Number of protein chains: 2
Amino acid sequence: MFDQFRNKFRLDDDKWNDYTGCFKRMKVSARTALLKEGDIPKNMFLIEKGCIRVWFNNDGKDVTTQFFFENNMVSSIESFRKGYPSPVTIETIEPCVLWYIHKKDADRIIAEVSELPVFREMIIDTVFERTFDYMKQFFSFIKDTPQQRYLNLVKEKPQVVQRVPQHYIASYLGVSTVHLSRIKSKLAKEK
Amino acid sequence: MFDQFRNKFRLDDDKWNDYTGCFKRMKVSARTALLKEGDIPKNMFLIEKGCIRVWFNNDGKDVTTQFFFENNMVSSIESFRKGYPSPVTIETIEPCVLWYIHKKDADRIIAEVSELPVFREMIIDTVFERTFDYMKQFFSFIKDTPQQRYLNLVKEKPQVVQRVPQHYIASYLGVSTVHLSRIKSKLAKEK
DNA sequence: GGCGGGCAATAACATTTGTTATCAAATACG
DNA sequence: CGTATTTGATAACAAATGTTATTGCCCGCC
């Protein structure tokens, strides 16, 4: 599971085994909350198999903001770092096989490796990328119509359209399920 | 101008003077672009007097995404770090007095101070805060009505409502100027 | 002090999107 | 295998928001 990351890091075997040994494997069924809105994150997850969505409660309706698939790391990252209550719930969509690491281990690893400038850069870059993702998603919400957002999703994240139930997609796109149906049927006609 | 930051940092006077000496003062008139969409950021700005908006072009219409006022640092931060073309334009609204620092000086300072764990934490936290801001703005776009977003703005950033022309505010809220007018008149009647 | 242009309010109408309800199809699971 | 549940499509109507056009105001500038 971790071999895919091996060549990114120049760590000696002892360190590498120490760090990867902090991850534990678990299986969970579909629709299981790994972190609940308002709770303080204890773990970070790496997906071996399955998919996960991130959502928050808006007046009783859930609003999905992100999807994750195999090999993605998942956490409510800002809360994880600062120990704040999470603004979102993290929940499996399909049955999943996950690897998780406890916050205290993650903190230790980050502190150790960030003594090295190359890791420091990497950490900062990672956070910047996260910011950039939010920015892009936010901009797309402002400038694109729901139909355009749907087309972008089909193009950029085809897995989502293939694997995720449509009502989650509708809430991710910011429209009602009915309207997403309309968009799809309109696109089908045009084609 | 920099005294307000003095007590946040435990630097000896030599370093402090070195770093603050990298900032130059300039005056610019209203509606001046400090950075244009597509250009690579060369400078970062600190506002002594005036206000600034960040916007991007959407099919000929401009969409405002942020406002900045006195004592704010302004940059297209993700692009500034990576040397990417900026996705946004940074433009003065009022005549401004600004301090700016060149990227090469900023890079040197960041590299120097991030040897110290306390600064490293500070830098990472700053980026996280930025991410958190985007997230909040994004979530508010999804969950709040335009009227609610307007009320939030009045409450949280009264300066914007007082100093910024209404059509910029409308585009910031994601509605037409006509609809913002409607919202205001509706609120006035209810009151 | 007058004038042109940017700015804001409003009305009328068009379009988009949401809501509710109903039905059909797909899927899960005992 | 059959039944319950989830999922998706569609129609009809309601509400929100955009577009265009008009008017009046205010403010900077000659």
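Keep in mind that this is a model prediction, so the values were computed, not measured. We name chains A, B, ... by the order of the sequence lines, and we start the count at 1 in each one.
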Report the relative orientation of the aromatic rings in Tyr172(A) and Phe67(A); use parallel for angles under 30°, tilted for 30 to 60°, perpendicular for over 60°. tilted

Side chains of Gln148(A) and Asn152(A), donor plus acceptor under 3.5 Å: yes

Close N or O pairs between protein and nucleotides 14-21 of chain C (under 3.5 Å):
from: dT17(C); atom 1: OP2; to: His179(A); atom 2: NE2; distance (Å): 3.2
from: dG18(C); atom 1: OP2; to: Ser176(A); atom 2: N; distance (Å): 3.1
from: dG18(C); atom 1: OP2; to: Ser176(A); atom 2: OG; distance (Å): 3.3
from: dG18(C); atom 1: N7; to: Arg182(A); atom 2: NH2; distance (Å): 2.7
from: dG18(C); atom 1: O6; to: Arg182(A); atom 2: NH1; distance (Å): 3.2

Might you work through the side-chain contact (heavy atoms from CB on, under 4.5 Å) test for Lys103(A) and Lys42(A), ending with a clear yes or no? CA-CA 5 Å; Lys103(A) 178 167 165 53; Lys42(A) 289 193 199 68; 5.6 Å; no

Reading 5' to 3' through nucleotides 24-30 of chain D, protein heavy-atom contacts under 4.0 Å coded B for base, S for sugar-phosphate only, - for none: -------

Length of the NZ-P vector between Lys184(A) and dT7(D), whole Å: 13 Å

To the nearest angstrom, the CD-P distance between Gln166(A) and dT10(D) comes to 11 Å

In terms of ring plane angle, is the pair Phe2(A) and Phe23(A) parallel, tilted or perpendicular, where the classes change at 30° and 60°? tilted

Without swapping roles, check the side chain of Glu48(A) against the backbone of Asn71(A) for a donor-acceptor pair under 3.5 Å. no

With heavy atoms under 4.0 Å as the rule, sort Ser185(B) into base, sugar-phosphate or nothing. sugar-phosphate

Check for a donor-acceptor pair, side chain of Asp39(B) on one end and backbone N or O of Leu35(B) on the other, with a separation under 3.5 Å. no

With a 4.0 Å cut-off on N to O distance, would you call Arg31(A) and Glu91(A) a salt bridge? no

When rounded to whole Å, the CZ to P distance for the pair Arg163(B) and dC7(C) reads 17 Å

Using whole Å, report how far CD1 of Ile169(B) lies from P of dA9(C). 10 Å

Asp144(B) CG - dT17(D) C1' separation (whole Å): 17 Å

Please give, in whole Å, the distance from dA15(D) C1' to Lys186(B) NZ? 11 Å

Whole angstrom is fine here: how far is it from NZ in Lys189(B) over to P in dA9(C)? 12 Å

Testing Thr65(B), Thr64(B), Val88(B) one by one against Trp55(B) for a side-chain contact (heavy atoms from CB on, under 4.5 Å), which residue passes? Thr64(B)

To the nearest Å, how far apart are Asp62(B) CG and dG6(C) P? 14 Å

Between Arg81(B) and Glu121(A), is the closest basic N to carboxylate O distance under 4.0 Å? yes

